[in-house]
Amino acid sequence: MRVFGLILVLTGVLFSTPKDYLLVSTKQFTVQGTTSIGGFECNYDMNTKDTLFFNQPHRTKKISHSVPVKSFGCGNFILNNDFRKTLKEKEFPNVRIELSNFKKSAENYSCDLTLNLVGKQKIYKNLPLKYNKNSLVGNITLQFSDFNLTPPNKIGGMIKIKEEIKLSVSLQTE
């Protein structure tokens, strides 16, 4: 009788446990900013096979990627060159982005984001992630001054990039 009860309890636990993982097929990193005459967006996409484990400290899986600055596409060669120059590509050819400590509660998701940019590291704890249509998306607002960078300007200062930029991380799931 005890064995039968144990089997019922284990079966209930196994079939009622929410999905504690997601399979990632594509990563996309996007930087968005605003200038005095409009906006810009620079993207980097990568096909990948990763598994995100939620609420499982014994599985310390991290998603870590070194993104070549030259691989970001901003729409045209002038913006691409300005982006590379601003991020000091010759001195710091890669941006390192690491996502870890994935958590899920009810319908809320979060993770920790570590960003290594121009030789400086910033850690953002409990970055909220939104799950919509097979993707987890996290957005964080950065300042150029957080990394001792100066926003570029053109035509003698007539075109200026605003200090605030947005980094978006999108993980497409299967």
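The basis for the numbers below is simple: all heavy atoms, side chains too, and nothing from hydrogens, waters or symmetry mates.
- Contact annotation: the side chain of Leu142 approaches that of Leu115 to within less than 4.5 Å [non-hydrogen atoms, C-beta and beyond].
- Within the 4.5 Å cutoff, no side-chain heavy atoms of Thr141 are placed close to those of Ile165.
- For Phe83 and Phe72, the gap between ring centers is short of 6.0 Å.
- Looking at heavy atoms from C-beta onward, Tyr131 lies out of side-chain contact with Asn108 at the 4.5 angstrom threshold.
- In this structure a side-chain-to-backbone donor-acceptor pair under 3.5 Å is present from Asp146 to Gln143.
- Lys166 and Asn139 get closest at one heavy-atom pair: CE-OD1, 3.8 Å.
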**OP:** May I have the step-by-step check of side-chain contact (heavy atoms from CB on, under 4.5 Å) for Thr86 and Phe144, ending in yes or no?
**Re:** CA-CA 9 Å; Thr86 300; Phe144 279 99; 3.6 Å; yes
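- Between His65 and Phe29, the two ring planes are parallel [angle under 30°; tilted spans 30° to 60°].
- The hydrophobic cluster containing Tyr109 also contains Tyr124, counting ILVMFWY residues as joined when their side-chain heavy atoms lie under 4.5 angstrom apart, directly or transitively.
- The shortest distance between side-chain heavy atoms of Thr26 and Leu171 does not fall below 4.5 Å.
- Listed by chain and number, the residues in a salt bridge (charged side-chain N to carboxylate O under 4.0 Å, His left out) with Glu89 amount to none (sequence neighbours excluded).
- Residue Ile97 holds its CD1 atom at 7.0 Å from CG of Leu113, rounded to the nearest 0.5 Å.
- Residues Asn94 and Ser66 share a closest heavy-atom pair of CB-OG, 3.3 Å.
- Using a 4.5 Å heavy-atom cutoff, the side chains of Ser64 and Arg96 are in contact.
- Applying the side-chain contact (heavy atoms from CB on, under 4.5 Å) rule to Phe92 yields the partners Lys88, Val118; only residues at least two apart in sequence or on another chain are considered.
- A pairwise comparison of heavy atoms in Ser170 and Val137 identifies OG-CG2, 3.8 Å as the closest pair.
- Here CG of Leu99 is found 10.0 Å from CG of Leu136. Values are rounded to the nearest 0.5 Å.
- Residue pairs meeting the salt bridge (charged side-chain N to carboxylate O under 4.0 Å, His left out) criterion with at least one partner in residues 39-53, sequence neighbours excluded, are Lys27-Asp50, Lys49-Glu174, Asp50-Lys61.
- Of all heavy-atom pairs spanning Leu117 and Leu87, the tightest one is CD1-CD2, 3.8 Å.
- For the pair Lys103/Asn101, a side-chain contact is recorded, criterion being any heavy-atom separation below 4.5 Å from C-beta on.
- Here the CG-CD1 distance, from Leu127 to Ile140, works out to 5.5 Å after rounding to the nearest 0.5 Å.
- Taking 4.5 Å as the limit, some side-chain heavy atom of Gln32 sits within range of a side-chain heavy atom of Thr30.
- Every pair passing salt bridge (charged side-chain N to carboxylate O under 4.0 Å, His left out) that includes a residue from residues 113-134 is listed here, sequence neighbours excluded: Asp112-Lys125.
- Shown here for Thr173 and Ser135, the closest heavy-atom pair between the two residues is OG1-N, 3.9 Å.
- Within the structure, the disulfide bond (SG atoms under 2.5 Å apart) test picks out the following pairs touching residues 64-146 (sequence neighbours left out): Cys42-Cys74.
- Applying the side-chain hydrogen bond (donor to acceptor under 3.5 Å, both in side chains) rule to Ser25 yields no partners; only residues at least two apart in sequence or on another chain are considered.
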